[in-house]
Visitor: 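Can you keep this structure in mind? I'll have questions shortly.
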Amino acid sequence: MRLLVAEDERSLNRVITKRLEKEGYSVDSCFNGEDALSYVEMGEFDAVIMDIMMPKMSGVEVLKAMRSSHNDTPVIFLTAKDSIADRVAGLDAGAEDYLVKPFAFEELLARIRVMIRKHAGHNTNIFTAGDLILDTARREVKRGGVTINLSAREYDILEYLLYNKGIILSREKIENHVWNFDYSGGTNVVDVYIRYLRKKIDDGHDRKLIHTVRGAGYVLKEEP
């Protein structure tokens, strides 16, 4: 999953970003509202973690601009303020959640998972396709009851395919979703990782789950 952290307190921004990356998320970060708006206009994110008080544009202003352009990426506000008025302003602007600083990082992780899950229309941390099971809370993957060890990037791609089960995803869409703006790899990187995934997910099974759609991209589906 790809996240944006918009927080003008640079030390806190770095801590949040590093912790999220350690949890397996692909993360972009910025330090003011104008840059935050540019990021969400140019990229595709599963969620935005945004400070409500930032230079150039406030978090509320960024969120209002997002919603006015029909960008429904879920947003959780971070703020040192703890007044009911601030919470109401953020939620009324279209934020999904609100977390007062200082906060426990585990709570932020839990709220991110819930927010992404709701946005995707799911009410569980468990995603399945046939006998394939992915647990987003534990970052655990099994097929036929056997645990499959995946690299962080392999997991991210599989999770994205499962979130969009039955939907054809182009190589560009997968790359833009899984890698952050700092990525400068080769053009066939998605094909390489799909090959890795097929070896681990489909090899040895009669029913293949990851399919190539010629000229379009890839799709994960249960039927052949």
Side-chain angles (χ1 to χ4, degrees), residues 1-5 13-30 39-40 42-49 73-74 105 108-110 112-113 115-117 119-120 122 125-144 146-205 208-213 216-222:
M1 298 287 102
R2 186 178 178 187
L3 305 177
L4 173 65
V5 176
N13 190 313
R14 286 193 294 269
V15 168
I16 294 174
T17 297
K18 293 300 182 185
R19 290 290 300 274
L20 290 173
E21 288 174 340
K22 188 176 179 180
E23 293 295 323
Y25 291 103
S26 177
V27 185
D28 287 287
S29 63
C30 60
Y39 269 99
V40 296
M42 292 187 298
E44 180 180 332
F45 296 92
D46 291 286
V48 177
I49 299 94
T73 304
F105 189 75
L108 174 61
L109 287 174
I112 290 171
R113 288 194 297 268
M115 197 165 59
I116 293 175
R117 197 171 64 219
H119 185 67
H122 301 289
N125 290 321
I126 307 297
F127 294 84
T128 63
D131 59 350
L132 176 69
I133 300 173
L134 183 146
D135 185 334
T136 61
R138 297 182 178 181
R139 291 182 66 85
E140 183 179 76
V141 177
K142 293 182 178 181
R143 184 161 189 193
V146 178
T147 299
I148 300 172
N149 294 317
L150 300 178
S151 69
R153 198 63 70 202
E154 290 166 352
Y155 177 91
D156 290 343
I157 294 174
L158 180 63
E159 184 181 50
Y160 188 44
L161 289 170
L162 271 168
Y163 261 67
N164 295 278
K165 185 169 64 174
I167 298 172
I168 299 171
L169 300 174
S170 68
R171 291 168 177 82
E172 182 181 14
K173 193 171 183 66
I174 294 171
E175 183 176 335
N176 289 342
H177 190 89
V178 173
W179 280 269
N180 62 25
F181 282 115
D182 293 332
Y183 174 73
S184 58
T187 56
N188 68 334
V189 64
V190 173
D191 298 326
V192 171
Y193 275 98
I194 289 293
R195 287 200 298 271
Y196 294 160
L197 275 176
R198 279 179 165 148
K199 287 181 181 179
K200 295 182 177 182
I201 300 298
D202 282 338
D203 279 6
H205 296 272
K208 308 304 180 186
L209 297 176
I210 302 172
H211 302 268
T212 301
V213 180
Y218 298 102
V219 60
L220 190 148
K221 57 182 180 179
E222 298 176 36

Visitor: Looking at Asp203, I'd like to know if its CG atom is crowded, meaning that more than 12 non-hydrogen atoms belonging to other residues, nucleotides or ligands lie closer than 6.0 Å.
Guide: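 Yes, enclosed.
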Visitor: Is there a donor-acceptor pair closer than 3.5 Å between any side-chain N or O of Glu154 and the backbone N or O of Ser151?
Guide: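 Yes.
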Visitor: What distance do Leu169 atom CG and Glu175 atom CD have between them, rounded to the nearest 0.5 Å?
Guide: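 Reported value, rounded in 0.5 Å steps: 13.5 Å.
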Visitor: Is it true that the NZ or CZ of Arg153 lies under 6.0 Å from the centre of Tyr193's six-membered ring and within 45 degrees of the ring axis?
Guide: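 No, a cation-pi geometry is absent between Arg153 and Tyr193.
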Visitor: Locate the shortest heavy-atom distance separating Met115 from Pro74; write the atom from each residue and the value.
Guide: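 Minimum heavy-atom contact is CG-CB, 3.4 Å.
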Visitor: Please test Asp28 against Arg2 for salt bridge (charged side-chain N to carboxylate O under 4.0 Å, His left out), starting from the C-alpha separation and ending with a verdict.
Guide: CA-CA 8 Å; Asp28 287 287; Arg2 186 178 178 187; 2.9 Å; yes
Visitor: Check Ile133, Leu132, Thr147 against Val141 for a side-chain contact (heavy atoms from CB on, under 4.5 Å) and give me the one that passes.
Guide: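 Testing Val141 for a side-chain contact (heavy atoms from CB on, under 4.5 Å) against Ile133, Leu132, Thr147 leaves exactly one candidate, Leu132.
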Visitor: After noting the C-alpha distance and the side-chain angles of Glu44 and Lys173, does the key distance pass the side-chain contact (heavy atoms from CB on, under 4.5 Å) rule?
Guide: CA-CA 9 Å; Glu44 180 180 332; Lys173 193 171 183 66; 3.1 Å; yes
Visitor: Flag the pair Thr128 / Leu134 as yes when at least one side-chain heavy-atom distance between them is below 4.5 Å, and no otherwise.
Guide: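 The answer is no, as the side chains (C-beta and beyond) never meet within the 4.5 Å cut-off.
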Visitor: If we ignore hydrogens and angles and just use 3.5 Å, is the side chain of Asn188 paired with the main-chain N or O of Asp191 as donor and acceptor?
Guide: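 No, Asn188 side chain to Asp191 backbone: no donor-acceptor pair under 3.5 Å.
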Visitor: Find the distance between CD1 (Ile167) and CG (Leu161) and round it off to the nearest 0.5 Å.
Guide: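 Ile167 atom CD1 to Leu161 atom CG measures 10.5 Å (nearest 0.5 Å).
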Visitor: Does Leu108 reach the side chain of Ile16, with side-chain heavy atoms less than 4.5 Å apart?
Guide: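 Yes, side chains in contact.
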Visitor: Hey, could you give me the NZ/NE2 distance between Lys208 and His205, rounded to the nearest 0.5 Å?
Guide: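 Reported to 0.5 Å precision, the distance equals 8.0 Å.
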Visitor: Should Tyr155 and Arg139 be marked as a side-chain contact (heavy atoms from CB on, under 4.5 Å) after you check the CA-CA gap, both sets of side-chain angles, and the distance that decides it?
Guide: CA-CA 8 Å; Tyr155 177 91; Arg139 291 182 66 85; 3.2 Å; yes
Visitor: Spell out, as yes or no, whether a donor-acceptor pair under 3.5 Å connects the side chain of Asp202 to the backbone of Leu209.
Guide: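 Such a contact is found between Asp202 side chain and Leu209 backbone.
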Visitor: Is there side-chain contact between Leu20 and Phe105, with heavy atoms separated by less than 4.5 Å?
Guide: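 Yes; the side chains approach each other to less than 4.5 Å.
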Visitor: I want to check something: taking the side chain as every heavy atom from C-beta on, are Leu220 and Leu162 in contact at a cut-off of under 4.5 Å?
Guide: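 Yes; the side chains approach each other to less than 4.5 Å.
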Visitor: Evaluate the side-chain proximity of Leu4 to Ser29: yes if any heavy-atom separation is below 4.5 Å, no if none is.
Guide: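 Contact flag for Ser29/Leu4 side chains = no.
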Visitor: Measure the shortest side-chain to side-chain distance between Lys200 and Arg143 over non-hydrogen atoms and say whether it is less than 4.5 angstrom.
Guide: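 Not in contact.
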Visitor: Can you name the nearest heavy-atom pair linking Lys165 to Ala129, along with the distance?
Guide: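 So the two residues come closest at CD-CB, 3.9 Å.
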Visitor: Report the residue from Leu158, Asp156, Ile157, Asn164 that forms a side-chain contact (heavy atoms from CB on, under 4.5 Å) with Tyr160.
Guide: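 By the side-chain contact (heavy atoms from CB on, under 4.5 Å) criterion, Tyr160 pairs with just one of Leu158, Asp156, Ile157, Asn164: Asn164.
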Visitor: Compare all side-chain heavy atoms of Glu140 with those of Lys142 and state whether any distance is below 4.5 angstrom.
Guide: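 Yes; the side chains approach each other to less than 4.5 Å.
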Visitor: Going by heavy atoms in the side chains, are Tyr218 and Arg198 under 4.5 Å from each other?
Guide: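 When only atoms from C-beta onward are counted, Arg198 and Tyr218 do touch, with a gap below 4.5 Å.
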Visitor: Determine, step by step, whether Ile112 and Asp46 satisfy the side-chain contact (heavy atoms from CB on, under 4.5 Å) criterion, reporting the C-alpha distance in whole Å, the side-chain angles of both residues, the deciding distance to 0.1 Å, and the verdict.
Guide: CA-CA 9 Å; Ile112 290 171; Asp46 291 286; over 6 Å; no
Visitor: Under the side-chain contact (heavy atoms from CB on, under 4.5 Å) rule, what do Thr136 and Phe127 come out as? Steps first, then yes or no, please.
Guide: CA-CA 8 Å; Thr136 61; Phe127 294 84; 3.6 Å; yes
